[in-house]
Amino acid sequence: MSTSSIDDKDITRELWQSRLPICFILSDEDMSKVNRSESPEPLYLMLSRHSYFPCIIEKIFRYYSTYYKGNLNDQTNSINLNNLWLEYESIPLKWHYPIGLLYDLYTSSLSSSSSVSHLPWQIIVHLSKFPENELIRFPDIESIEAHYMTTLKEADALKHKGQIIGDMQKRDHKQLWNSLLQDKYEAFWNINIKLMSYTDNLQYFRYIPFRIYILDKPFMQKLFSPYDIEQNKWMTLYDLLQYTLNHEVQCEKLANEKKILNNNIENYRVIIHGVQPPLHSPIQWLSEYFSYPDNFLHICLIENQMR
Amino acid sequence: MSTIESDKTESKTVNFDETNLSPTRPSGDSENDGKIVFLLKAAGGAPILKKKKWALPRSKTIGHIVEFLKKYMQLDVEQQKQLFLYVNQTFAPAFDTTIGAVNDCFNSEGILVLHYTFTPAWG
């Protein structure tokens, strides 16, 4: 794409550096089991939008565990790291979704007014009663690393039939993950740039890795090419959204679903990384510069509230 | 990326009593009443299923299939711990991914092929 490479690089750096201030508050239930005279103060952390909660779970646990000296892993209390989970407005937060995605999806969807500031993001920490049926456990950092790598492989399968990630050395894979953990932008992009190249004599990705999230629905993912050969034109974010919503509606009708999705784009705010990109943005450009470190575009559609 | 070759001499075909999942239609259409047709293939020495072709509604998740397989194959406690489901012999989608989303992107001529293993065969 013929855009200024200096400006575009600035954007990837801005995204890398974007943070969310989060306030972790212990649940009332677990608060009652504290065995020190003073209750825990809320824990404030600035976290990367593109990181994952399991990356700092040990830090959260260490902070609260000092208030439970003596009854950690006590069977009767079941206070332990394995049972730690996070909640926002009664919603258990999925471990394997990037932090920024969770914030954009839930705070925008659940507010009655878009002008209310949701910062710092207030999250409830639970140390017991893990909701087995609603959350998948991520017991350690290796499992979130495995999830990150498999997502990256899926993205490359869509973009390049898996050729680029398949040809990479294992140490390159490691470098991607470690740079993400250690917040090293240059080290990350030294490898990630390879995943942004083109193969098969194309001037674009074969298909765009993207997922569309609407509150209370499983995410939507489709095959979508960034370039229309017949019409000789670049596809936009609007084209991708319209295609996905229409396709999903067709699937719902075929399955005789009672409630059919609203496929009118005007009905939604479109949010990626906390901003509303212009709908006429070329999707190839967005995929190269606006993807998360897992190489996916995670797109939130927030239904406009009736006023 | 390393792959594990199926151990052809060791694989056993197992008979199961088929209940929970719907039988496939003879028409071979990829979507019957919106159902996704998929093939389950063994890898990494996992036992081969007698019935390989299945159909499920789009909204069912990968996790649902894994839990079903664990019961269906009557796995022992050790095997039950880890069952992996791979797409394209490359990646293992998160358990809350719908089979509809996977099918939309990775079906081959209307059929989705999934490989199941007890070990992370493809990373």
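Here the structure is a predicted model, which is why all the values come from computation and not from measurement. Letters A, B, ... mirror the listed sequences (proteins, then strands); counts begin at 1.
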**OP:** Go through the atoms of A/Glu248 and report whether side chain, backbone, both or neither lie under 4.5 Å from a heavy atom of chain B.
**Re:** side chain
Subject >> Interchain contact, A/Lys170 with chain B, by part (heavy-atom threshold 4.5 Å) >> reply: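 Looking at A/Lys170, nothing touches chain B.
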Rounded distance [0.5 Å steps], [atom1] in [X] versus [atom2] in [Y]:
X: A/Phe224; Y: B/Cys105; atom1: CZ; atom2: SG; result: 12.5 Å
X: B/Asn103; Y: A/Cys251; atom1: CG; atom2: SG; result: 8.5 Å
X: B/Thr98; Y: A/Gln221; atom1: OG1; atom2: CD; result: 8.5 Å

Going by heavy atoms in the side chains, are [X] and [Y] under 4.5 Å from each other?
X: B/Asp104; Y: A/His247; result: yes
X: B/Phe106; Y: A/Leu223; result: no
X: A/Phe219; Y: B/Thr97; result: yes
X: A/Glu257; Y: B/Arg58; result: no

Subject >> B/Tyr86, part contacting chain A, at a heavy-atom distance under 4.5 Å >> reply: neither
Original post:
Side chain, backbone, both or neither: which part of B/Asp96 has an atom under 4.5 Å from a heavy atom of chain A?
Top reply: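 For B/Asp96, the contact with chain A is made by backbone and side chain together.
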Original post:
Hey, is the main chain of B/Phe91 close enough, under 3.5 Å, to the side chain of A/Thr150 for a donor-acceptor pair?
Top reply: no
Original post:
Does B/Trp122 offer a backbone N or O that forms a donor-acceptor pair with the side chain of A/Lys153 under 3.5 Å?
Top reply: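 Looks like yes, one N/O pair under 3.5 Å.
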